Amino acid sequence: MNRSDLRYLHRELFKWWASNKRPFPWRNTRNAYRVLVGEVLLHRTRAGQVAPVYAQMVRRYPSPAALGDATLSELQEVMSSLGLSWRIRLMHQMGRDLVERFDGDVPKEQGELESLPGVSHYIASAVQCFAYGFPVPLLDTNTVRIAGRLLGVEVTDGSRRSKRFRTMLASLLDEAHPREFNFGLIDLGALVCKSQNPECGICPLLKVCRLGQVHGQGAAPR
Ligand code: SF4
């Protein structure tokens, strides 16, 4: 994508997102601990289910130190409605690790973040971007799907872990506004550029989207 198309993409995405953003509570903070807790809870879980549990978590455990003091059975009480019992054990161990290995702080470095129990590459990148403002691409099903459609590259099951898609998303990123860019793409994927039946006719990125242009002429996007 050339520079002028990229400028257009950023401008239109941000304009769209300003009036369509999904107001989740874990987005209203740059506190790294809160962002981390939110992202761990969101793993393989719908945002609507996470919201009440997130609220309870940050109320009962407002800091890594408080989470580090929590017992496993206390966490089970708060988190059990979300299922995934292995995640409760990882959250418990994560609290202890934050206190014991990082003096109660959330690290900034990707490798250190990923060394925490329950923290995947995606979660580490999300903390870097949403809490610390680092210009890192986020590869999830939504962002990968949009990048593939924008640039006319087929998306497969492995795309979320592929270097090619990481490079593609890095090339699209607005490095001056990484939070807005990543939140905007995630929301566009959830609300407009959906997996089935993307709504290209109302999409703010149609003009610079390879597949959207083809779709507009009658072909079905994948
Ligand atoms: Fe997705 Fe269509 Fe928008 Fe392209 S134009 S990003 S395929 S909704």
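All ligand and atom numbering here is 1-based and tracks the order in the structure. No experiment lies behind these values; they were computed from the predicted model shown.
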Donor-acceptor pairs are to be reported for all side-chain atoms of residues 81-89 against protein atoms at under 3.5 Å, with residues two or more places apart or in another chain.
| from | atom 1 | to | atom 2 | distance (Å) |
| --- | --- | --- | --- | --- |
| Arg87 | NH1 | Val40 | O | 3.2 |
| Arg87 | NH1 | Leu41 | O | 2.7 |
| Arg87 | NH1 | His43 | O | 2.8 |
| Arg87 | NH1 | Thr45 | OG1 | 3.1 |
| Arg87 | NH2 | Thr45 | OG1 | 3.1 |

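Shortest non-hydrogen contact noted between Tyr61 and Ala70 is CE2-CB, 3.5 Å. Shortest non-hydrogen contact noted between Gln128 and Glu109 is NE2-C, 4.0 Å.
Using a 4.0 Å cut-off to heavy atoms of Cys203, the atoms of ligand 1 that qualify are 3 (Fe), 5 (S), 6 (S), 8 (S). Listed by number with element, the atoms of ligand 1 under 4.0 angstrom from any heavy atom of Arg149 are 7 (S).
For the pairing with Leu150, the side chain to side chain contact (heavy atoms under 4.5 Å, CB included) check across Leu211, Leu9, Leu169 returns one residue only, Leu9.
Metal site remark for atom 4 (Fe) of ligand 1: Cys209 contributes an N, O or S atom at a distance under 2.8 Å.
Of the candidates Gly152, Ala147, Cys193, Gly148, Cys193 brings a heavy atom nearest to atom 8 (S) of ligand 1.
At a 4.0 Å cut-off, at least one heavy atom of Leu206 sits close enough to ligand 1 to count as contact.
Qualifying ring-ring contact (aromatic ring centres under 6.0 Å, His included) partners for Phe14, counting only residues two or more places apart in sequence or in other chains: His177.
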